[in-house]
Amino acid sequence: GQFEGRLDHITIDGTTTTPNFSLDISDHPLPLETTFHAFVDGTNGDTTLAPVQDTLLRSHFTTQGTVVNIHGKGHDINLTVNMPHGRIEDLLELGMKSPQPIMRGTVTLNARLHIPPGDVRVSQKLQLAGNVHIQGVEFTNAKLQDRIDSLSMRAQGKAGDSKSAGSDLKPEVASQMTVDFSLGNALLLVPSLHYEVPGGAAQMHGAYWLNGSAYQFLGHISTTAMASQMVTGWKSALLTPFDPLFRKHGHGLELPIS
């Protein structure tokens, strides 16, 4: 790139290419390219990014903020991240240990990222808060996707189609998910998670430890169909008297889940 200006206020424009960008928590290298506009104080190294256009595999996003030198301690990083057009599988491959991302879909993301100084792993001191919306979700595990397909058919009142949809190892429905989150001390807090498939939805809140040791989510699931419409034959007849018990808030069925 190129730079110009005073020593205490240098304007820099340029590009970077990192063929094998990775995080130590997953070690899945991905190509990262950036085009940046920045200001650097050459007397102390403090940097203002305003902004950086980033491309991670097939996902495009923008970051802006500051990288400030804290004398004797390291750098304090504060950034805002905006991803209007991304792929959730790119983010999962970068951040998760599993060999294959659990889902595919388009993603929009808005977040604030803070990495304070300190001689510990980034995954332990990373602070992140924001929201993410994923559309067109298809699970890469065919058996899991079949379970979602079967659930959707029952939730729509198409109980007769649920068996074939739940055993053909191909996706029939796409789901969507909206999540508000905050991350700190390797603990992900989710005050709101809304997951939706045709005919049904789940509203939940919970927490997830990034080391995989534990997670807990609580909430409720609702469907368009009534309980008796989600099954066939004698099971449907048996449940019919109980339909009013499960019908709540305008839904055919609503149940607590954990």
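Nothing fancy with the numbering, it's 1 onward along the sequence. Everything numeric in this text was worked out from a predicted model, so none of it was measured.
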Could you work out the complete set of other residues in the hydrophobic cluster of [X], with links drawn between I, L, V, M, F, W and Y side chains under 4.5 Å apart?
X	result
Met226	none
Val120	none
Leu239	Val231
Trp209	Leu187, Leu189

Examine the side chains of [X] and [Y] and answer whether a donor and an acceptor come within less than 3.5 Å of each other.
X	Y	value
Gln127	Ser182	no
Glu33	Thr55	no
Thr16	Thr34	yes
Gln145	Asn141	no

Enter the distance from Ser22:OG to Leu30:CG here, rounded to the nearest 0.5 Å.
8.5 Å
Rounded to the nearest 0.5 Å, what separation is found between the CZ atom of Arg112 and the CG atom of Asn78?
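Arg112 atom CZ to Asn78 atom CG measures 6.5 Å (nearest 0.5 Å).
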Single hit among Asn110, Leu56, Leu109, Thr62 for side chain to side chain contact (heavy atoms under 4.5 Å, CB included) with Met83:
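By the side chain to side chain contact (heavy atoms under 4.5 Å, CB included) criterion, Met83 pairs with just one of Asn110, Leu56, Leu109, Thr62: Leu109.
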Would you say [Y] ends up clustered with [X] if hydrophobic residues are merged whenever their side chains have heavy atoms under 4.5 Å apart, either directly or through other cluster members?
X	Y	answer
Leu49	Val81	yes
Val173	Leu151	no
Leu79	Val68	no
Leu238	Leu255	no

Nearest atoms (heavy-atom pairs only) where [X] meets [Y]:
X	Y	result
Pro198	Ala155	O-CB, 4.5 Å
His60	Pro84	O-CD, 3.9 Å
Ile70	Pro117	CG1-CG, 4.1 Å
Asp180	Asn131	OD1-CB, 3.2 Å
Asp149	Pro171	OD2-CA, 3.5 Å

I want to check something: taking the side chain as every heavy atom from C-beta on, are [X] and [Y] in contact at a cut-off of under 4.5 Å?
X	Y	value
Asp54	Thr63	yes
Gln156	Thr224	no
Phe139	Ile102	yes

Quick one: salt bridge (Lys or Arg N to Asp or Glu O under 4.0 Å) pairs with a partner in [range], sequence neighbours left out?
range	result
residues 76-101	Arg58-Asp90, Arg87-Glu89
residues 206-232	none
residues 159-173	none
residues 121-136	Asp24-Arg121

Partners passing side-chain contact (heavy atoms from CB on, under 4.5 Å) against Thr178 (at least two apart in sequence or in another chain):
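Per chain and number, Thr178 pairs via side-chain contact (heavy atoms from CB on, under 4.5 Å) with His133.
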Residues in side-chain contact (heavy atoms from CB on, under 4.5 Å) with Val67, at least two apart?
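Here the qualifying residues are Thr47, His75, Ile77.
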Residue pairs fulfilling ring-ring contact (aromatic ring centres under 6.0 Å, His included) with at least one residue in residues 20-39, sequence neighbours excluded:
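Those involving residues 20-39 are His9-Phe39, His37-Phe39.
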Give every residue pair that meets the ring-ring contact (aromatic ring centres under 6.0 Å, His included) criterion with at least one member in residues 215-258, sequence neighbours excluded.
none
More than 12 heavy atoms of other residues, nucleotides or ligands under 6.0 Å from CG of Leu144: yes or no?
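Result for CG/Leu144: enclosed.
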